[in-house]
Structures are given as structure tokens and as C-alpha cells.
Protein chains: 2
Amino acid sequence: MERKRRSATGEQSRRAILNAALDCFSRLGWAATTIEDIRKVSGASVGSVYHHFGAKEGIAVALYIDCLRLHQESLRGRLERKHDAEAFVRTIVTHHIAWSREHPEAARYLLRMRREEAVAAAEQEIQSATGDFIREGFSRLKTYAQSGELLPLPPSVYLPLMLGPAQELLSAWANGHVELKAGIEKVLADAAWRCLRPETAPSRKVP
Amino acid sequence: MERKRRSATGEQSRRAILNAALDCFSRLGWAATTIEDIRKVSGASVGSVYHHFGAKEGIAVALYIDCLRLHQESLRGRLERKHDAEAFVRTIVTHHIAWSREHPEAARYLLRMRREEAVAAAEQEIQSATGDFIREGFSRLKTYAQSGELLPLPPSVYLPLMLGPAQELLSAWANGHVELKAGIEKVLADAAWRCLRPETAPSRKVP
DNA sequence: TCTGGCTCTAGAATCAGATTCTAGTCATGG
DNA sequence: CCATGACTAGAATCTGATTCTAGAGCCAGA
């Protein structure tokens, strides 16, 4: 899809605009930042902004995908090593929170924009940019479920059960209502596993 | 705070505007509906809209509070009768989903606007309009936790654990990704209780 | 080397739509 | 009956997103 970019300078200014955008959106909010703001911070011209992104929403979407990629890149590495269901679930939950703590601006942006119309409208594009990874993870969940390593449940609830609480806690954090105390990721990982582990197994593993 | 409204007609037109707004927002999205759209559907004039709500965001916030009240009104009744922790948790989760199914437009609106800046900015106002109810519920959770009817956990995670999965599933539903199958509320209520019940107690109560 | 075509940058001009303003109308309390 | 404040109207203004026109820099092929 992406055609080859001829000049490196074009790519540079694209990045400058994205960086400026994250800065402005974090500081002022998406609706309140104007193209003029981004122009000033990035040093680009209006024409340049529109050349690269087409519209204000285009910036939001590109930035969203950019942050999502960072997030996934960092998760991918950790997941490849994990093989049993418990480790899989715990790793995903833990990583989600730890990553957010390490990249607060990007995380806040992702959390805030997730349901924003500007971004929701471009679902198609976002999926095609990141969908494989999620699809893959999802099918892994189903495999675990079928082999009895996870509680059998309607497929649509696995993701909500695994990440819903983390998402909710992180939202509260993103809006400044709570802090992310050290160790909170373990609390949520425990909870997620309590939710998803097969009924018969007690808390300790049976040797 | 609310000063007495002199005329019933004023109140009527206020309602007409809110109804029109819910209709337009659902149909076109919040950002895409213009004051002109709302004016046409409601039959009010621009001046009238601004007299009642001050700004476009004012409409969004008033509507948000309106829907939240509906939701809470309906929950309040059911909660008053419940006394043990398990029933409390299950009722809240179940109600959340059942109510959304019964009031899809209002539910979608609440889900979509929850993190929208327009609404987030007015947190203050929203809290003062609905805060008692939530505060009360929250303190009830803490009481249960202290008396050992719930797993002891950091206070900030109770709400996420209880409602996070439901919220996440409902978001997927609001965006048309999944359906709300009959009985799904039981699945989530079970899961919430699995997460929150004290470790030692098995599913059945020990008499 | 020259030319066409493409990416990219500039910034002025346009346009849509939110908000403000002025001028009333109407009901009520005094 | 008058003054007042809630309320309605709709024209005028203003802000900021988007579009448009022009031009610079660069590469490929003639």
C-alpha cells in the first residue's frame, strides 16, 4: 500500500508533524488543538500537513497506528517465549500496564482516542495496519480454550475478561483519578487468571 | 443550583432539543452533527438552543447526565433489596448489560461519550449530578471487603474488576462488532464473582 | 543536459459551522 | 398596567478546517 517515499526529508517532516501532534493533543486535547498549533510546533506549513495526512483526523489516525505499533512491538517479543495459557494471560495483562507506565503519553493517547469517532471511523485502516497480531493472539486464546487450558466461554468474552479491568484501571489513571502503584499489574494478572483458568484447578498447580 | 423554570414550554423545548440531539448523535455521530441538524429535528431556533445549553458541548453533557440518570434510576431499585456481596456484584453486572440491551441508544451514547473530551471536561458537573449514587455503591464495596465478603484488594481495582469486562464487551457491541447474546450477562456475572469472591470460600456458601 | 513528472512545501483564499448579538414575545409578580 | 426575566428568532461574526494555486527540489529517460 505505502508507496516508496522518495525523499528522506519528506519522511522527516511527517515524523515532526506526528511528534508535534502527540505533544499538542496531550497538552491541549484532540478537539482543542488546531492545525495552526501543530504547524507552529512542528515547523511545517499547512500545505505540508495536508499533503501528508489529508485532514486533521488523518493525523489522529496515523498517530494512533503509530502508538499501537509501539505497543505491539514491545508485546510481541515477550509473547513469543510464552507457551502455557497462564503465562500467556499474565504476560498480556502485565505488559499492558507496564508499557503504559513506561510510555504515558502514548498510552494516554491510545486510551483516550480508542472510542473517539475520528479514530473509530478508520477502523478498517487500523485493522489492516495491526490486525494480524491481534488475530493471531485471539486464535491462540481459542486454541487454549479448546485444549482445556482455559475455561470454556463464549469467544466474545475472552478479550473483555482478560483486558477489560486493566483497560478500565488505565482509563482512570489516564484521567488522573488514580495512580498506578507498583505491583498493581500483578493484582490484575492474578484476577484475570482467576477469571479464566479452568474451574477444577485450584490456585496452586497440581503436580 | 437549578433555578425554578417558569414556563413549562421552556422545559418542553429543552426536552425536544435533548431528544433531537440523541437522535442526531446516534445517527451522525457527535462531531458530525451540527447545531443546524439539531435545530431542524427539534424545531427550536439557534437562540433557543444556546439559551438552554450554552454550547454544543453543553448539549452533550446534559444528554449524558440525562442518560446516566436513567441508568442509575433503574439500578437503584434493584440494589436496595440486595444485601450480600455476591448478590450485589452480580446484580450490578447483570443490570449493566440488561439495561444496555433495553436502551440501546442511550447505552451507546454513554459508552461512546464516556471518554470524549466534551464530556470528560464536565466531570465536575456530572459528579455533582450523579455522584452520590456511585459513592454510595463504592463505599458498600469497601464495607464488603473489610468484612471479608470480598477478596481484599487495593481499592482502586474493585470497580475495574467488577465492570471492566462488561464495559469492554458493551463497547464491542456498541461498535457493531459482536451481539449481546441472551444469557451473556450471566457469563460476565459469574466471571466477576470468580474474580472478587474470597479465596477460601468455594462457590457455595458455607453455612 | 534538458524536460516531464512527481513529491513536497508555502501560504493565501474559501467555506462551514459554532457562537454571539440584537430584537423581540410572553407570562408573571407587583 | 408595568417591569422583569425566561425564552425564541435569526442575522451577523469569527474561528479554524480545508482547498487551491504556485513553486522548489529531485529523479528518470531522451
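All heavy atoms count here, side chains included; hydrogens, waters and symmetry mates do not. Here is the naming used below: chain letters follow the sequence lines, and residue numbers restart at 1 for every chain. The structure presented is a predicted model; accordingly, all values stated were derived computationally and were not measured.
- A pairwise comparison of heavy atoms in A:L153 and A:Y158 identifies N-OH, 3.0 Å as the closest pair.
- A close approach under 4.0 Å does not occur between any side-chain nitrogen or oxygen of B:S13 and OP1 or OP2 of D:dC7.
- The nearest whole Å value for the distance from the CD1 atom in A:I59 to the P atom in D:dG16 is 15 Å.
- Rounded to whole angstrom, the span from the CZ atom of B:R15 across to the C1' atom of D:dT8 amounts to 19 Å.
- A:F53 places its CZ atom 13 Å from the C1' atom of C:dC8, with the value rounded to the nearest Å.
- By the 6.0 Å contact criterion, CD on A:E102 is enclosed, its count of non-hydrogen atoms from other residues, nucleotides or ligands being greater than 12.
- For D:dT15, the OP1/OP2 oxygens have no side-chain nitrogen or oxygen of A:T34 closer than 4.0 Å.
- For A:S45 and C:dA10, the shortest distance from a side-chain N or O to OP1 or OP2 is below 4.0 Å.
- For B:Q124, the CD atom sits in a loose shell: 12 or fewer heavy atoms of surrounding residues, nucleotides or ligands are nearer than 6.0 Å.
- A sub-4.0 Å separation between OP1 or OP2 of D:dT8 and a side-chain N or O of B:H52 is present.
- Atoms CD (B:E11) and C1' (C:dA27) sit 17 Å apart, rounded to a whole Å.
- Applying the 4.0 Å criterion to OP1 and OP2 of C:dA10, one finds that A:H51 has every side-chain N and O outside that range.
- Contact record, A:M162 with A:A192: O-CB, 4.0 Å, taken as the closest heavy-atom pair.
- Ring pair B:Y109/B:F25 is parallel by interplanar angle, where below 30° counts as parallel and above 60° as perpendicular.
- Look at NZ on A:K56: it is 10 Å from P on D:dG16, rounded to the nearest Å.
- Going from atom OH of B:Y50 over to atom P of D:dC7 covers 18 Å, rounded to whole Å.
- Here D:dT18 is the nucleotide among D:dT8, D:dT18, C:dT19 with the atom lying nearest to any side-chain atom of A:I35.
- Residue B:A55 places its side chain closer to C:dT19 than to any other of C:dT19, C:dG11, D:dT8.
- The interatomic distance linking A:I38 (CD1) with D:dA17 (P) rounds to 8 Å, in whole Å.
- Going from atom CD of B:Q12 over to atom C1' of C:dC26 covers 15 Å, rounded to whole Å.
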